[in-house]
Amino acid sequence: MSDEKKRELRSRHWYGGTDKDGFIHRSWMKNQGFPDHAFDGRPIIGICNTWSELTPCNSHLRILAEGVKRGVWEAGGFPVEFPVSSLGETQMRPTAMLFRNLLAMDVEEAIRAYGIDGVVLLGGCDKTTPGQLMGAASVDLPTIVVSSGPMLNGKWRGKDIGSGTDVWKFSEDVRAGKMSLAEFMAAESGMSRSPGVCMTMGTATTMASVVEAMGLSLPLNAALPAVDARRMALSHMTGKRIVDMVHEDLRLSKILTKKNFENGIVANAAVGGSTNAVVHLLAIAGRAGVDLTLDDFDRVGAQVPCIVNCMPSGQYLIEDLAYAGGLPAVMNRIQDLLHADAPTVYGCPISDYYKDAEVFNDDVIRPLDNPLRKAGGIRILRGNLSPNGAVIKPSAASEHLLVHEGPAHVFETIEDMKAQIDDPDLDVTEDTILVLKGCGPKGYPGMAEVGNMPIPRRLVEKGVRDMVRISDARMSGTAFGTVVLHVSPEANAGGPLAIVKTGDRIRLDTLKGELNLMIPEAEFAQRMAAWVPPEPKWTRGYYKLYQDTVLQADKGADLDFLVGGSGSEVFRESH
Ligand code: FES
């Protein structure tokens with residue numbers, strides 16, 4: 001490598017000097033046994049790891065990090081693994097989403113503060129992928145994602161069962177008296193049989209699919225099972241590639257273009273992906289300075305056919321998707337809808353990822369003339385109840401409820417809902433629209449995944465399995481139902497959701513993209529004028545920072561002062 005190239009590397013400002021600072025940076029690193037030539041000017045690659053035993057979906061990431069390291073050494077780089085905070089979706093209270101922005105801050109500042117030239121992001125569980133990408137985008141070094149990969153298919157009593165999706169189904173069956181508690185408890189061991197993320201098309205595999213379609217990972221990253229040896233090989237190849245990306249100065253900002261985001265939206269629709277992708281892509285775009293809005297999801301994604309037959313929209317699991325050809329095969333089928341020339345971490349156009357890909361199972365990855373749903377994308381709903389937008393996932397909804405008008409039954413808080421939902425005298429019918437307030441970014445806080453509230457017990461017992469439900473919350477990517485989410489502004493920020501009363505009529509028209517509270521205009525205005533904002537709940541710590549600065553869902557729910565980036569330069573030394 002030429003001396004000129006060495007001088008160009010950012011890491012030389014840490015490890016290239018012959019002064020006291022250079023001595024200190026190198027000497028302390030050498031206590032790990034690194035030889036002199038590790039500091040000879042080769043690219044230093046940070047492996048940003050969200051490994052944690054409290055994030056079971058990412059518990060194997062230290063093993064994949066070893067694969068990345070092999071590739072980095074092979075390509076003439078120097079790998080250094082570092083931890084950032086991790087977000088265990090199923091383990092954190094009140095919701096992992098509250099801490100996505102905290103992870104993003106952690107990632108951003110760690111990448112900037114250390115003397116590294118490129119980054120490999122190791123994440124998988126729902127909030128870890130977007131949190132890492134948000135932070136990395138605000139620094140803008142060469143960056144590649146390696147995802148956790150899905151767990152092996154769940155197995156119970158000879159059947160495949162899917163993470164999350166079957167939990168919601170089993171739980172409703174227990175409430176309806178169709179499944180015993182003993183059976184319910186027995187199913188949990190069969191559901192989670194290996195390391196990896198939820199093996200349904202939940203938010204984790206949705207985001208991994210979006211990342212692959214955006215060219216931010218190597219091909220096949222999204223669906224290969226966590227324990228498949230090919231994921232270790234993919235990690236190795238990623239390590240090799242990131243070293244070349246540093247030499248090419250192929251930064252994240254060169255890949256986070258509007259075309260790449262639009263490809264991500266198309267892929268999300270084609271795989272029947274999670275509504276959570278909306279809020280995460282908006283937040284990543286905000287960091288990257290890309291003008292992405294809610295309307296782009298309608299414009300680009302709404303009419304895209306859903307061709308991946310995986311739960312919760314369909315019947316198979318992600319292991320099946322991997323064996324059917326994975327994301328390259330999906331992209332091959334929808335290639336006419338993609339920007340073929342969008343850039344990738346390989347430096348090639350995205351079409352190189354899919355042009356030779358084959359589908360090996362037409363029932364898992366459907367042909368375009370036999371899709372799972374003709375228009376599979378997320379729809380944006382606007383109207384007097386959601387002036388800044390709300391979202392619905394038609395592919396996971398009941399066809400007969402996509403256009404529906406009915407009386408509201410309002411729950412003012414999540415506690416209110418939990419206290420009432422099993423009441424045998426609850427005054428609801430299957431035409432009632434359940435409304436839940438106080439679960440948005442500020443209200444919960446953190447915009448929890450509670451929008452798919454349970455069906456009232458008295459209706460479950462009669463066999464009702466879906467109703468229209470509306471809230472300012474999110475919903476798990478593994479969930480299903482006719483569920484209107486992300487109503488913006490949220491109730492706690494003075495959105496019209498705050499003024500809905502039990503008995504008001506609401507009209508949902510998914511086909512037209514409308515959501516309206518059917519009360520007279522004067523009554524609407526009078527209720528809005530009388531609304532009193534709730535007292536701020538939090539007076540200290542991260543909760544207060546979040547409550548005071550979080551943006552609404554239609555802007556990605558980032559903290560307002562984190563939008564944009566600050567680059568990678570650090571002007572002062574530590575000694
Ligand atoms: Fe971690 Fe689903 S809970 S991916």
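For ligands, and for the atoms within them, numbers begin at 1 and follow the listed sequence.
Residues Lys259 and Glu262 are not paired through a salt bridge, judged by the lack of any N-O separation under 4.0 Å between the basic side chain and the carboxylate. A salt bridge is absent between Lys555 and Asp560: the closest approach of a Lys/Arg side-chain nitrogen to an acidic carboxylate oxygen does not fall below 4.0 angstrom. Of the charged side-chain nitrogens involved, none lies within less than 4.0 Å of a carboxylate oxygen, so that Arg465 and Glu172 do not count as a salt-bridged pair.
Surrounding NZ of Lys159 are at most 12 heavy atoms belonging to other residues, nucleotides or ligands under 6.0 Å away.
Glu81 and Asn49 form a side-chain donor-acceptor contact under 3.5 Å, judged by distance and modelled atom types alone.
If you count the protein N, O or S atoms nearer to atom 2 (Fe) of ligand 1 than 2.8 Å, you get 1.
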Distance-only donor-acceptor pairs under 3.5 Å for side chains of residues 232-240, two or more places apart:
unit_1	atom_1	unit_2	atom_2	d
Ser235	OG	Arg231	O	2.9
His236	NE2	Glu74	OE1	2.6
Thr238	OG1	Leu234	O	2.7

